[in-house]
Visitor: 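Below are the structure tokens for one structure; questions will follow.
Naming convention: chains lettered A, B, ... in sequence-line order (proteins, then strands); numbering from 1 in each chain. Here the structure is a predicted model, which means the values were calculated and not measured.
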Amino acid sequence: MTSNSGESRTDKYFGQALKRKEDPRFITGAGNYTDDIVLPGMLHAAMVRSPYPHAKINGINKDSVLGMPGVEAVLTGQDIVDAGIGSIPVGWLLPELKTPAHPAIALTEANHVGDIVAVIVAETRALAEDAAAMLEVDYEPLPSVAFAGAAIAEGAPVVHDDVPGNVAFNWEIGDATAVQEQFNVAHKTVKLKLKNQRLIPNAIEPRASLAQFTPASGEYLLYTTSQNPHIHRLILAAFVMNIPEHKLRVISPDVGGGFGSKIFQYQEEVIMLLAARLMGRPVKWTARRSEAFVSDMQGRDHETETEMAVDKDGKMLAFRVNTLANLGAYQTLFAPAVPTYLYGTLCNGVYKLPAVHVKVQGVMTNTVPVDAYRGAGRPEATYAVERTVDAMAHAIGEDPAEFRRKNFIQPEDFPYQTPVALVYDSGNYEPALDMALNMMKYQELRAEQERMKGSNKILGVSVISYVEACGLAPSALVGQLGAQAGQWESSLVRVYPTGKVELFTGSHSHGQGHETAFPQIAADELQIPIEDIDLVHGDTGRMPYGWGTYGSRSAAVGGSALKVALQKITAKARKIAAHLLEASEEDVEHEGGVFRIKGAPDKSKTFFDVALMAHLAHSLPDGMEPGLEATAFYDPKNFVYPFGTHIAVVEIDTDTGKVDLRNYGCVDDCGPLINPLIVEGQVHGGIAQGAGQALWEEGAYDEEGNLLAASYMEYTMPRSDDLPMFQIDHTVTPSPHNPLGVKGIGESGTIAGSSAVANAVLDALWVECGIEHMDMPYTAEKVWKAIRASRAGMGQAADD
Amino acid sequence: MYPANFDYQKAASVDDAIKAMSDNPELKIIAGGHSLLPAMKLRLAQPPALLDIFNLEELKGIKEDGDFYVVGAMVTHADVMRSKIPLFPEVAGWVGDPMVRNRGTIGGSLAHADPSADYPAAALATGAEFVIRGMGGERTVGADEMFLGMFESAVEAGELLTHIRIPKGISSSVYEKYRHPASHYAIVGVAMARHADGQIRAAYTGAAEKAARLPKLEERLNAGQDAGTGLVEGADMLGDRFASAEFRAHLVDVLSDRAAKRLG
Amino acid sequence: MQLQVNGKTRQVQREDELLLWVLRDELGLTGTHYGCGIGICGSCTVLVDGQVTRSCLTPVASVAGKAVTTLEGLAKTGRGGAVTLHPVQQAFVENPLQCGWCLPGHVMSAVALLNANPAPTPEQIDDSAGINLCRCGGYNNVRKAVARAAELKRGGL
């Protein structure tokens with residue numbers, strides 16, 4: 001009757017490189033993304049965005065476009081005020097954080113290029129965009145500032161009057177006195193000035209939203225490109241729109257990449273809901289790429305000073321970090337957390353450091369807001385640590401790999417309390433280092449580097465070891481730290497009478513392959529074929545509550561929630577099976593796909609038998625409720641701590657300064673792999689984005705806040721022919737505190753990648769020219785000038 | 001992204017296109033569309049009407065005429081790559097990517113006179129000639145008179161570039177390119193050709209407002225010397241975030257040296 | 001006007017529109033994606049008479065009478081609705097990309113490449129794949145998939 005009836009199965013799905021369940025639809029063009037969705041009577045919206053980094057809005061002449069054919073409405077900031085719509089809130093509060101208001105449509109002042117000042121609603125997208133280009137807006141440009149350092153200078157233009165001096169927060173972690181004491185007795189110290197440049201996430205699917213309002217019921221439906229539809233619903237309902245939460249259904253269908261940029265509550269989603277209500281028709285907006293450049297939340301942008309101290313044996317004594325974090329023009333969902341708790345706490349790296357102190361100042365500027373972008377704070381921390389570690393290795397004349405090795409936290413030290421709050425629960429750093437060194441033939445690379453010295457092709461090799469904290473997060477802990485949300489995850493497992501199973505998760509897949517990995521977990525626990533299991537996600541109308549996908553949390557938190565729910569199912573199934581087998585529960589084992597009496601293998605019930613009886617309820621144990629369905633809410637006890645070693649090899653053409661990434665290898669430890677095919681993809685993508693930052697990408701602004709890299713003609717995205725084939729391997733150290741032992745892999749490549757490639761470039765320049773530091777991205781001219789300056793005997797090159 | 005509304009027509013013949021341009025000065029000729037349409041989408045250009053000449057048979061094909069190859073303006077980069085004309089096939093391989101090469105045309109690119117385009121350097125190095133037709137009839141312009149400035153060629157309003165005449169007898173040729181990391185246009189390109197008389201002609205593109213010959217380089221190479229440095233000393237170079245004027249001038253030297261070594 | 005799409009004749013209302021929007025908005029073929037609109041990202045790639053073409057830069061009137069193939073037109077549906085994937089599709093299922101947005105570009109480029117060149121070198125694969133941006137960074141798998149597709153095609157699939 002069903003494919004699983006009576007059949008036993010002993011193979012495990014967990015750990016297999018299964019083909020992804022989502023690919024048959026993607027590969028045939030049958031994906032269902034937000035912009036693909038058409039609702040009857042749908043109108044289209046186009047945003048009118050400020051061309052100025054900072055401007056007073058003196059007036060908007062709606063009549064300049066209201067007569068155009070097909071134009072139905074012009075919405076302005078006054079419409080937001082009139083509808084009683086609130087400011088878009090910040091989701092993570094720090095002590096004394098100053099949060100300027102963030103209206104869905106600017107009322108009196110635009111604060112960055114791309115800030116929305118009006119919205120056109122029209123019959124077609126083309127008409128809306130034509131009208132948006134024609135709308136007359138009377139702007140009065142105001143003084144503006146783009147860079148964090150400039151924004152805190154005396155007399156700098158003020159972005160928001162309620163954030164005097166442009167400083168939104170001052171934050172620190174660690175013991176400054178203890179650090180100073182170590183520096184006082186240090187044998188050697190080094191100091192670096194680093195810039196971690198602004199990046200633009202650039203998911204290739206532009207953001208899109210489509211809203212519908214049903215007046216009779218007061219219900220709203222919002223399709224949107226979201227990594228976390230429940231968070232959108234909560235914010236929109238409770239804080240912005242004042243809609244009863246259950247009357248807003250948020251669906252995030254297939255999503256074409258997020259990388260953090262689709263976490264946040266954006267202005268456009270608020271506008272679509274309001275427009276749908278005002279117009280009485282569905283309204284859709286899809287970003288143009290040129291809008292994405294000036295309206296998707298951006299990443300990184302730190303100006304940092306680091307200092308490290310070691311003793312005479314080269315043992316690390318202390319690490320000090322002082323960072324200016326550019327927050328942009330508004331603070332969005334996680335903005336204050338990214339350069340603080342997701343950054344400062346990771347500035348300990350993988351090392352036994354007696355003292356660490358990190359100080360961060362968050363600065364408002366007239367640029368696109370900065371929030372979480374893949375890695376979010378941890379790539380910046382890794383860069384600060386690993387760049388400084390290399391500088392120290394050079395200063396004391398040690399091999400970078402061996403200097404790291406001798407300062408590693410040792411296996412017996414776990415759980416390890418760092419001086420910056422985190423407790424690393426597990427780890428074993430040396431095997432990953434050794435595997436990576438062997439895999440990449442490190443010693444041979446060093447010999448090759450020596451041979452190439454002085455020629456017009458020079459070689460650079462890096463060895464970087466990282467640890468990250470992901471699997472966000474223990475709710476009570478993040479609550480203490482300022483999070484305005486829980487960080488647990490939920491799962492619902494629904495078994496049908498036919499033994500088919502639907503899993504529901506609050507996690508969201510936008511490329512991570514949840515629809516395959518989650519059923520792999522379930523198929524093992526239920527011991528049924530994976531074909532009988534499907535995952536549902538991305539729809540607040542169908543799933544239990546959840547917090548979405550970011551911070552590499554899906555497997556560790558969402559997967560663990562699933563595991564707990566599955567255990568509830570199998571526990572109940574075992575009771576039913578025992579009842580049907582007329583045995584005591586203790587005598588029933590769940591083996592080979594069947595429930596059977598120990599020692600009497602011919603007496604057994606299949607999962608289907610149990611599922612059917614649970615629903616027929618003709619014969620159930622006394623007092624048992626019918627049905628076979630379970631929900632679990634799983635709150636992790638700690639973060640998870642993936643780690644590993646990455647090695648990059650670059651070749652530099654000294655005539656032109658062009659850097660080629662010749663080879664890249666990594667050994668990551670993300671705990672047990674659920675699906676190696678998916679893990680591999682995550683690692684590839686992470687490295688590509690990390691290498692992108694090191695070599696090409698830069699969200700460059702001029703000092704007033706005009707984005708100079710506002711299209712793919714100026715923002716260099718990594719392409720196929722820019723990257724080598726990556727060599728990937730793993731060690732497996734399970735997380736001790738979650739039921740799957742899994743950690744996270746979605747961000748590791750990015751967290752390690754930018755530092756690995758940066759250190760490789762600087763290794764070449766150090767060995768060849770004695771250049772200690774230059775900032776990313778290592779574009780040809782920058783590298784050529786540095787080499788020229790040093791070869792001309794001008795010593796250490798200035799970073800220009 | 002939607003461009004502003006436009007009217008689209010296909011031309012029936014070259015003369016028809018010329019007549020249409022004379023009737024409507026705002027009309028834009030479109031060939032492959034890979035330069036004009038992006039500009040329209042960014043609303044940098046908003047012509048009310050487009051006239052497509054891509055399919056005109058009279059502008060297709062490569063013929064031989066005495067000492068010249070005669071290349072139709074609508075020959076695609078992909079077709080150029082497969083042809084036996086000198087230098088241009090190598091250069092075409094550097095233009096854009098396979099998609100651009102399938103749709104983009106040699107005539108469209110040369111008439112557009114993008115300072116970062118690859119072909120102008122090849123035209124100068126080979127000493128190509130340009131056949132241009134307008135209401136007043138046909139005229140021929142030499143390569144040295146073709147590129148007048150940024151996006152400014154000798155093709156005037158109301159005129160159409162119909163053919164490119166490329167001399168035979170070039171014994172060897174090379175193109176060296178340093179491409180823009182994002183756009184893949186030339187930050188600097190250097191083209192070099194040894195002509196029937198044994199003389200070397202060389203030109204660069206990408207580095208200045210227009211492609212130009214490299215007289216100092218030609219002089220040195222034809223005197224049997226190395227390329228050397230300072231080849232564009234004193235010239236006005238372009239500079240931007242990706243490559244300053246100084247760096248571009250340096251790249252002209254580096255690429256010229258590499259080209260000369262490859263040319264042999 | 002009429003358009004030949006995936007082997008069928010389709011009636012098109014808007015002649016002054018770009019092919020991408022006609023495919024998506026008028027014909028409901030949403031497997032072809034918008035990514036940048038200026039011909040760089042490659043998500044809008046279709047085949048026109050077998051050649052890779054950026055539909056976001058192609059006036060629909062310019063392809064009248066030519067054969068347009070989109071991602072939806074590759075797989076064959078047989079009796080009982082059984083779907084047979086094109087070898088390139090099959091190879092990309094074995095070597096998956098991630099979010100699916102850039103897939104039309106990578107798949108259509110690979111189809112055109114292998115039609116013209118059944119045994120491409122790694123450089124030729126890169127040259128073809130290099131026209132499509134994949135922010136998920138799945139380029140290693142693109143290389144593997146195209147090489148695998150060439151193998152599958154040679155195997156007569």
Visitor: Minimum heavy-atom separation for A/Val255 to C/Cys99, with atom names?
Guide: O-CB, 3.6 Å

Visitor: Minimum heavy-atom separation for C/Arg143 to A/Leu723, with atom names?
Guide: NH2-O, 2.6 Å

Visitor: What part of A/Gln682 lies closer than 4.5 angstrom to a heavy atom of chain C: side chain, backbone, both or neither?
Guide: both

Visitor: Give the member of C/Gly31, C/Gly73, C/Gly35 that has the highest number of heavy-atom pairs under 4.5 Å with chain A.
Guide: C/Gly35

Visitor: Of all heavy-atom pairs between A/Ile204 and C/Ser43, which one has the smallest distance, and what is that distance?
Guide: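 In terms of heavy atoms, the two residues are closest at CG2-OG, 3.4 Å.
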
Visitor: Could you tell me which portion of C/Pro104 (side chain, backbone, both or neither) has an atom closer than 4.5 angstrom to a non-hydrogen atom of chain A?
Guide: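 No part of it gets close to chain A.
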
Visitor: C/Val142, C/Asn132, C/Leu97: which one forms the most heavy-atom pairs within less than 4.5 Å of chain A?
Guide: C/Leu97

Visitor: Checking C/Tyr139 side chain against A/Pro718 main chain: does a donor-acceptor pair fall under 3.5 Å?
Guide: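 Yes: the side chain of C/Tyr139 pairs with the backbone of A/Pro718.
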
Visitor: With a 4.5 angstrom heavy-atom cut-off, could you sort out which part of A/Asp35 is near chain C: side chain, backbone, both or neither?
Guide: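 Both parts, backbone and side chain.
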
Visitor: Considering only heavy atoms, which portion of A/His510 lies under 4.5 Å from any heavy atom of chain C: side chain, backbone, both, or neither?
Guide: backbone

Visitor: Measure C/Leu85 against the heavy atoms of chain A and call it side chain, backbone, both or neither at under 4.5 Å.
Guide: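 Just the side chain, heavy atoms under 4.5 Å.
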
Visitor: Are C/His33 and A/Tyr33 packed together at the side-chain level, in the sense that at least one heavy-atom pair is separated by less than 4.5 angstrom?
Guide: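 With C-beta onward as the side chain, the pair touches.
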
Visitor: Report the C-alpha distance between A/Thr28 and C/Leu74 in whole Å, list the side-chain angles of each, state the deciding distance to 0.1 Å, and finish with yes or no for side-chain contact (heavy atoms from CB on, under 4.5 Å).
Guide: CA-CA 7 Å; A/Thr28 54; C/Leu74 294 180; over 6 Å; no

Visitor: How long is the straight-line distance from CD of C/Glu123 back to CG of A/Asp721, given to the nearest 0.5 Å?
Guide: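 The CG atom of A/Asp721 sits 10.5 Å away from the CD atom of C/Glu123.
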
Visitor: Applying salt bridge (Lys or Arg N to Asp or Glu O under 4.0 Å) to C/Asp25 and A/Arg125, what does each step give before you reach the verdict?
Guide: CA-CA 10 Å; C/Asp25 299 344; A/Arg125 186 171 168 183; over 6 Å; no

Visitor: For the CG atom of A/Asn202 and the CG atom of C/Leu133, what is their distance to the nearest 0.5 Å?
Guide: 8.5 Å

Visitor: Could you pull out the closest heavy-atom pair between C/Cys41 and A/Tyr712, with the gap in Å?
Guide: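 Heavy atoms only, the tightest pair is CB-CE1, 4.1 Å.
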
Visitor: Between A/Glu697 and C/Arg135, does at least one N-O distance fall below 4.0 Å, as a salt bridge requires?
Guide: yes

Visitor: Where is the tightest heavy-atom contact between C/Gln98 and A/Arg20, given as atom of each residue plus distance?
Guide: O-NH2, 2.8 Å

Visitor: Checking side-chain contact (heavy atoms from CB on, under 4.5 Å) between C/Ile40 and each of A/Arg289, A/Arg719, A/Met717, which is the one that passes?
Guide: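 Per the side-chain contact (heavy atoms from CB on, under 4.5 Å) rule, the option paired with C/Ile40 is A/Arg719, out of A/Arg289, A/Arg719, A/Met717.
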
Visitor: Search all heavy atoms of A/Ile27 against all heavy atoms of C/Phe92 and return the closest pair with its distance.
Guide: CD1-CB, 3.4 Å

Visitor: Is the backbone of A/Pro724 close enough, under 3.5 Å, to the side chain of C/Asn140 for a donor and an acceptor to pair up by distance?
Guide: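 Such a contact is found between C/Asn140 side chain and A/Pro724 backbone.
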
Visitor: Find the one option among C/Ala75, C/Gly28, C/Pro96 whose heavy-atom pairs under 4.5 Å with chain A are most numerous.
Guide: C/Pro96

Visitor: Can you find a pair of side-chain heavy atoms, one from A/Phe259 and one from C/Cys136, that are under 4.5 Å apart?
Guide: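 A side-chain contact under 4.5 Å exists here.
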
